[in-house]
Engineer: 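Got a structure here, written out as structure tokens. Questions coming.
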Amino acid sequence: MSIQHAVIFDMDGTLLQTESMAIPGFRRTFQDLRDRQLWDGELPDDHAITNTLGMVLDEIWDILLPEADEKTRELATELLAKHEEKLLDEGVVSLYPGVVEQLTALHEKGIALFVASNAMDGYVEAICEHFNITHLFTDLYSAGRFQTESKVDLVALLLKTYDIKQAVMVGDRKSDVEAGKKNHLWTIGCDFGFADSGELKNADVVIQGYAELLQQVPFYQSK
């Protein structure tokens, strides 16, 4: 299988306004660990939580649970998945304005769409199913599914598997820009996610909202 044109999206902070689910999800997870006497530290503040979004889980727990053993980290991962699933069902989280419309426009042009996320296995699939956008994507890639150590590796695997000739990487974190650049892709930084000041400086272009997306996809107008 070979694909001529593709757009690869990050999930958290790019397609999904994740903070309304991530912050309570992590807080409930830490409370569960405290109730089980597996953790007795201070609850991380909102910025500490959102600053880890986009990282692989090992990196997240290195920051938020630096002294926890592997068994505790595995339990924390299970608890977080449970809480985020419940919060998703509660309807506390939304896609960014314009996401569905822009994905649909790209899809209707025959451009293959993918998600490449450092999230745990099943997370991206659950989000896409919840918002009824799975059919717009060719495939959904996550670090949890493929056990990759970085976004660079995950995107490289995706590009190789589908033999993609030309692609664009869209994301809100430095890791997304790095994944695009190291895989020789055009990169679009989303300055409405969780990036700190200057984090998107190496992106080819930075957008402030989805209304700007299509004009920044090099091959969209020629389709």
Side-chain angles (χ1 to χ4, degrees), residues 10-88 90 92-93 115-127 140-157 169 171-182 189-202:
D10 173 51
M11 176 57 78
D12 293 324
T14 300
L15 297 174
L16 187 70
Q17 300 185 65
T18 316
E19 63 271 26
S20 57
M21 181 172 68
I23 291 171
F26 274 98
R27 289 188 177 279
R28 293 179 189 183
T29 297
F30 279 102
Q31 188 59 54
D32 283 350
L33 293 176
R34 177 176 284 168
D35 292 344
R36 299 175 190 220
Q37 299 184 328
L38 294 172
W39 175 80
D40 60 0
E42 293 294 323
L43 283 171
D45 62 25
D46 293 0
H47 180 72
I49 293 171
T50 58
N51 200 44
T52 66
L53 297 176
M55 299 179 182
V56 294
L57 275 170
D58 283 345
E59 293 174 323
I60 291 175
W61 298 137
D62 283 346
I63 294 170
L64 299 182
L65 286 172
E67 298 179 5
D69 59 26
E70 190 61 33
K71 187 175 181 180
T72 300
R73 289 185 177 207
E74 290 176 359
L75 176 60
T77 299
E78 293 174 10
L79 292 169
L80 180 61
K82 179 191 73 174
H83 288 307
E84 289 188 333
E85 181 180 359
K86 188 172 187 296
L87 286 159
L88 185 62
E90 291 172 4
V92 303
V93 67
V115 171
S117 168
N118 277 335
M120 67 187 85
D121 189 22
Y123 174 84
V124 173
E125 291 83 353
I127 296 297
L140 306 171
Y141 272 50
S142 66
R145 176 184 171 191
F146 291 102
Q147 297 299 299
T148 47
E149 295 184 359
S150 72
K151 183 69 72 69
V152 174
D153 294 340
L154 185 65
V155 172
L157 176 63
M169 181 73 211
D172 71 305
R173 301 305 302 262
K174 180 181 178 180
S175 58
D176 300 311
V177 177
E178 180 184 35
K181 289 295 184 183
K182 289 192 174 180
C190 298
D191 196 21
F192 46 79
F194 304 115
D196 291 328
S197 177
E199 193 170 340
L200 300 174
K201 64 182 180 180
N202 292 324

Engineer: Of all the heavy-atom pairs spanning L80 and M120, show the shortest one and how long it is.
Structural biologist: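 In this case the closest contact between L80 and M120 is CD2-CE, 3.9 Å.
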Engineer: Find the distance between OG (S142) and CD1 (I127) and round it off to the nearest 0.5 Å.
Structural biologist: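 Between atom OG of S142 and atom CD1 of I127 there are 12.0 Å.
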Engineer: Mark yes when over 12 heavy atoms from residues, nucleotides or ligands other than D40 sit less than 6.0 Å from its CG; otherwise mark no.
Structural biologist: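 Count not over threshold, so no.
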Engineer: To the closest 0.5 Å, what do you measure between NZ (K182) and OG (S175)?
Structural biologist: 11.5 Å
Engineer: Below 3.5 Å, can you tabulate the donor-acceptor pairs from side chains in residues 50-57 to any protein atom, sequence neighbours excluded?
Structural biologist:
| from | atom 1 | to | atom 2 | distance (Å) |
| --- | --- | --- | --- | --- |
| T50 | OG1 | D46 | O | 3.2 |
| T50 | OG1 | H47 | O | 3.3 |
| T52 | OG1 | I49 | O | 2.7 |

Engineer: Got a list of side-chain donor-acceptor pairs under 3.5 Å for residues 60-68, not counting sequence neighbours?
Structural biologist:
| from | atom 1 | to | atom 2 | distance (Å) |
| --- | --- | --- | --- | --- |
| W61 | NE1 | T77 | OG1 | 3.0 |
| D62 | OD1 | R73 | NH1 | 2.8 |
| D62 | OD1 | R73 | NH2 | 2.8 |

Engineer: Would D12 and T18 count as having a side-chain donor-acceptor pair, cut-off 3.5 Å?
Structural biologist: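 Yes, a side-chain donor-acceptor pair sits under 3.5 Å.
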Engineer: Under 3.5 Å, is there a donor-acceptor pair between the side chain of E199 and the main chain of R173?
Structural biologist: no
Engineer: Check whether any side-chain heavy atom of Q31 sits under 4.5 Å from a side-chain heavy atom of R27, and report yes or no.
Structural biologist: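 In short, these two side chains do not touch, never coming nearer than 4.5 Å.
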Engineer: Do you know the tightest heavy-atom contact between D172 and F194?
Structural biologist: OD2-N, 2.8 Å
Engineer: Does one side chain, of T72 or D69, offer a donor that lies under 3.5 Å from an acceptor on the other?
Structural biologist: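 Result is yes, a qualifying pair exists.
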Engineer: Could you tell me the separation between the OH atom of Y141 and the CG atom of L157, rounded to the nearest 0.5 Å?
Structural biologist: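 The distance works out to 5.0 Å.
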Engineer: So, E85 side chain and K82 main chain: donor-acceptor pair closer than 3.5 Å or not?
Structural biologist: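 No, because the side chain of E85 does not come within donor-acceptor range (under 3.5 Å) of the backbone of K82.
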Engineer: At their closest point, which heavy atom of M169 faces which heavy atom of D10, and how far apart are they?
Structural biologist: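 Nearest heavy atoms, M169 then D10: CE-N, 4.0 Å.
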Engineer: Who pairs with D191 by side-chain contact (heavy atoms from CB on, under 4.5 Å), at least two apart in sequence or on another chain?
Structural biologist: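 So D191 forms a side-chain contact (heavy atoms from CB on, under 4.5 Å) with L200, V206, Q208.
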Engineer: Roughly how far apart are E149 CD and E59 CD, rounded to 0.5 Å?
Structural biologist: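 It comes to 9.5 Å.
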Engineer: Nearest 0.5 Å please: distance from the CG atom of L79 over to the OG1 atom of T29.
Structural biologist: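 One finds 5.5 Å between CG of L79 and OG1 of T29.
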Engineer: Could you check H83, E84, E90 and say which one makes a side-chain hydrogen bond (donor to acceptor under 3.5 Å, both in side chains) with K86?
Structural biologist: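 Among H83, E84, E90, the one meeting side-chain hydrogen bond (donor to acceptor under 3.5 Å, both in side chains) with K86 is E90.
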Engineer: To the nearest 0.5 Å, tell me how far D176 CG sits from N118 CG.
Structural biologist: 8.0 Å
Engineer: Please determine whether side-chain contact (heavy atoms from CB on, under 4.5 Å) holds for the pair L87 and V93, giving the CA-CA distance in whole Å, both sets of side-chain angles, and the decisive distance to 0.1 Å.
Structural biologist: CA-CA 8 Å; L87 286 159; V93 67; over 6 Å; no
Engineer: Is a side-chain N or O of Q147 found less than 3.5 angstrom from the main chain of G144, in a donor-acceptor match?
Structural biologist: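 Checking the backbone N and O of G144 against the side chain of Q147, a donor-acceptor pair under 3.5 Å is found.
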Engineer: So, do V124 and R145 sit near enough that their side-chain heavy atoms are less than 4.5 Å apart?
Structural biologist: no
Engineer: Does the R34 side chain pair with the main chain of G41, one donor and one acceptor, at a distance under 3.5 Å?
Structural biologist: yes
Engineer: Which heavy atom of F30 sits nearest a heavy atom of P44, and at what distance?
Structural biologist: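 Shortest heavy-atom contact: CE1-CG, 3.7 Å.
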Engineer: If you compare all heavy atoms of V155 against all heavy atoms of A116, which two are closest, and at what distance to 0.1 Å?
Structural biologist: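 For V155 and A116, the tightest heavy-atom pair comes out as CG2-CB, 4.0 Å.
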